[in-house]
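Report on the structure given below.
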Amino acid sequence: MSRSSSSSVLNFLRHVSFPPDPRLLPSALKSCPALRLARALHAAAAVAGFSRDPFVSSSLLHAYLRFGATADACSVLDGMPHKTIVGWSALIAGHATRGDAEGAWGLLERMRSDGVEPNVITWNGLVSGLNRSGRARDAVLALVRMHGEGFLPDATGVSCALSAVGDVRDVSVGEQLHGYAVKAGCRLDACVATALIDMYGKCGRADDIVQVFDESSNMDVASCNALVAGLSRNAQVSEALRLFREFVGRGVELNVVSWTSIVACCVQNGRDLEAVDLFREMQSEGIEPNSVTIPCVLPAFANIAALMHGRSAHCFSLRKGFHHDIYVGSALVDMYAKCGRVRDARMIFEAMPSRNVVSWNAMIGGYAMHGEAENAVQLFRSMQSSKEKPDLVTFTCVLGACSQAGWTEEGRSYFNEMQHKHGISPRMEHYACIVTLLGRAGKLDDAYDNINQMPFEPDGCIWGSLLSSCRIHGNVVLAEVAAENLFQLEPENAGNYVLLSNIYASKKMWNGVNRVRDTMKNVGLKKEKGCSWIEIKNKVHMLLAGDSSHPMMAAITEKLKHLTMEMRRLGFAPSTDYVLHDVEEQEKDDILSVHSEKLAVALGLISTSHGTTLRVIKNLRICGDCHEAMKFISSFERREIYVRDTNRFHHFKDGKCSCADYW
DNA sequence: GTAGGGTTAG
């Protein structure tokens, strides 16, 4: 038994006597830690003949409601000779909180026929309870009926109803409530303002959030937090950051929820480096992260492969006891896997006191990302012998693992198992997995057939996957089909043009190359800059392809020159069909030599001691030339090198890659 | 007896 629950039992025992004393029973019931004990006290009071005492029965009623035992609570109220409005209201709120809308309405009628008229608290309790139990529509209906019966809903009722509206995303009802709050004079109440912001945020109305903010004068810290969350939901990061600072200017004391919200806002919108900075700033402001902050910030460390930062958040969690939290545990599993430490991820996973579907998916997905299909599938089998049911994400991970390993038949069979054994109908992402699975294995026609047989219109991911496969297997005809669809679906995505152009270039079809380049120029698209990150001694370095702004660039260039010479000497020939441009061979070598992952690895080599493992992440897929170069470097420099691209991990060791050149 | 804010996997 934990320390806190044993102390609550001691506190309870202090109020218990034998035989039972009617003056002590109310306080005993108030501190009663378990439903069974409340029932025992009830029985003892009945035997002693004072269970109908107004104080005792009222305490029993509330104790039962605290444990959600609405039936017991009902029988207590039934036995009360004088039923008070407080008793009725508590019972109605209790039923509503358990999601029993019908029971709550029935009690409201019984209360009236008993001669007790509901008041505003009775109604608010009903609205609040229904909202809390997820019966959002019923909560709004209750408020409407309350109004229809001549009651003026107050700030409390309106806030609860607004919260319900946000859950059902019915902005027109939300707007009506907004107008009502203005008329009823409770619009400027801080809770109403917060609930309005929350509602508009959930309904996708960022402009209205800002308008509520502009028209409010007495917003507090919770309003700020709702504001940040609402803007984050609608991808308005800069606005969230600006208003977050403005709250400080207004003298609002920000708390751990505020800081967690702004960190989460950056992470959820791909601004990982800013999230890391804010996480630091939070602590220098004297706000200590809690068990919600940690799972919010961990994905930022995971995304930029900041293993040292991630480890220190892990240590912090251990010190604070957060590591037992299922959110923290799952986020740690994901972080270690994405930082290249899939064994550490498994250790965390095994040590978790409880797991949910997210924890399983994080671990299975981790194996998939590392190309460890065997482990992924094995874990998927253990999941099925556990009580946790696989969901659509689980199958995305399992299918992903199969496609990384080239397990075509296994992948097909899991695709069927998903539908027929688990009743999950395939979604876009599952078809994308199947197309990748078949395409990468060279079964391009099969992949194309699958696209044509899909029950809905394929999206950019599907065609993008086919196009990538065409790049690997040099299929110009299907590549043109895929590209045609992609240019319609995502005309702004430069990567598609680059891929098609590379396919033409690899076939020496220079007219095609020029045509695509002209189109790109006309549409005004630039090739996305390759970008890599490497963490060295607790600092994350970002390197851009062709960019020479890094302070150590001279040494990096020197190191690359030396490596290139050694590669040549040992018979390594750069493979030049990976670049977009049709240029002289020598110039192509130069372009290749500045791909960002090479810069990152060179920096890693000169900044760490011999034998240190290097971990690099990249915003694009690693090119074939860099892949060859990494294999060479791993053997020549005797270093293990992990490169995580958009697709998976490549673990280079002794001249070989964990993907076995299949990617 | 009634009210508003932050979390993990793809």
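Atoms considered below: every heavy atom in the structure, side chains included; atoms not considered: hydrogens, waters and symmetry mates. Per chain, numbering begins at 1; letters A, B, ... match sequence-line order.
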With sugar-phosphate meaning primed atoms plus P, OP1 and OP2, does [X] contact a base, only sugar-phosphate, or nothing at under 4.0 Å between heavy atoms?
X         : value
Arg355(A) : nothing
Ile364(A) : nothing
Ala229(A) : sugar-phosphate
Ser89(A)  : base
Ala190(A) : base
Asp189(A) : base
Val127(A) : nothing
Ser359(A) : nothing
Ser291(A) : base
Ile326(A) : base

### Task
If the plane angle is over 60° it's perpendicular, under 30° parallel, otherwise tilted; pick one for Trp123(A) and Phe151(A).
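Geometry flag for Phe151(A) against Trp123(A): tilted rings.
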
### Task
Answer yes if the side chains of Ser223(A) and Thr194(A) hold a donor-acceptor pair under 3.5 Å, and no otherwise.
yes

### Task
Check whether the ring centres of Trp360(A) and Phe349(A) lie less than 6.0 Å apart, and answer yes or no.
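Under 6.0 Å, so yes.
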
### Query
Does Arg110(A) pair with Asp114(A) as a salt bridge, N-O distance under 4.0 Å?
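Answer for the salt bridge query: no.
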
## Note on the structure
5'-most to 3'-most nt of DNA chain B touching chain A (<4.0 Å, heavy-atom partner on protein side) reads dG1(B) to dG10(B)

### Side chain proximity check, Tyr336(A) to Arg343(A), heavy atoms < 4.5 angstrom
no

### Query
Quick one: are Pro289(A) and Phe279(A) in side-chain contact, heavy atoms under 4.5 Å?
yes

